[in-house]
Amino acid sequence: MNRRSALKSLGLTAGLVAAGNAFEINSWSQTTPAQTAASAAAPFTLPPLPYAYDALEPYIDATTMHLHHDKHHASYVDKLNAAVAGHPDLASKGVDELVANLNAVPEELRTAIRNQGGGHANHSFWWLILSANGGAAPKGELGKDIDGAFGSFEKFQDQLSKAAGSVFGSGWAWLTLSREGTLKIETSANQDSPLSSARTPILGLDVWEHAYYLKYQNRRPEYVSAFFHIVNWEFVSGHYADAKAQHKG
Ligand code: MN
């Protein structure tokens, strides 16, 4: 980044922060009791898709995106809100924090938080790791570390694809970072998150049938190959750098 664009980006950031604060102060002062009750009843919200529903065509079709985001992900959010109703201590936590500390959740709520909270956490991450401008291979530190851990990017792709194919029933294949700084490929059943096992998801691949069945029917390997055309490596690499820094800190 040259000096001019650095200054420009600083100015933009400062402007956004100022606007954000103003908005926050403004909306806080204008919050009505009814609004407070509504947000207390539904502390978790469905994040909007960061792109158009048809942006990932032809790899993931718009109909699948509508169902996957507006129905499936929305349902995890609704059921998570229902689960934490009457538990302000849980409702005030972030979903990743809840899922990372399932043992801290009252036992009668644990399955609901694991499934619905996991579904919300996993899908919030899923939309971000995809992009119409994705594909190819990661550069920089993540590219280097993948080569180190798996031999090459092609070998990594091959292993992640095999893992995705090995999930029996519904689940996910993941690239995760351990507390010790090790990159690993793993799978999880249902909506279980690696966060619950103290590992940070770096990349996830949703292999529930709802993610691909309309377009690919039973051809999961075809969907897995398509996935690699739309991975947002720019986001994933930045997320990896953040996760690594946090583990060191
Ligand atoms: Mn899904």
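Keep in mind the model is a prediction, meaning the values are calculated, not measured. Counting starts at 1 for both ligands and their atoms, following the listed order.
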### Message
Please tell me whether Tyr240 and Asp145 have a donor and an acceptor in their side chains that are separated by less than 3.5 angstrom.
### Response
yes

With a cut-off of 3.5 Å and sequence neighbours excluded, list every side-chain donor-acceptor pair involving residues 167-176.
{"unit_1": "Trp172", "atom_1": "NE1", "unit_2": "Gln191", "atom_2": "OE1", "d": "2.8"}
{"unit_1": "Trp174", "atom_1": "NE1", "unit_2": "Ser188", "atom_2": "OG", "d": "2.9"}
{"unit_1": "Thr176", "atom_1": "OG1", "unit_2": "Lys184", "atom_2": "O", "d": "3.4"}
{"unit_1": "Thr176", "atom_1": "OG1", "unit_2": "Glu186", "atom_2": "OE2", "d": "2.5"}

## Note on the structure
Listing protein N, O or S under 2.8 Å around the Mn ion (ligand 1) gives His68 NE2, His123 NE2, Asp206 OD2, His210 NE2

### Task
Measure from the side-chain N and O atoms of Asn81 to the backbone N and O of Phe44, and report whether any donor-acceptor pair falls under 3.5 Å.
yes

### Query
Looking at NE2 of His73 and NE2 of His68, how far apart are the two atoms once the value is rounded to the nearest 0.5 Å?
9.0 Å

### Within 6.0 angstrom of Lys79 NZ, more than 12 heavy atoms from elsewhere
no

### Message
Is a donor from one side chain sitting under 3.5 angstrom from an acceptor on the other, for Ser161 and Asp158?
### Response
no

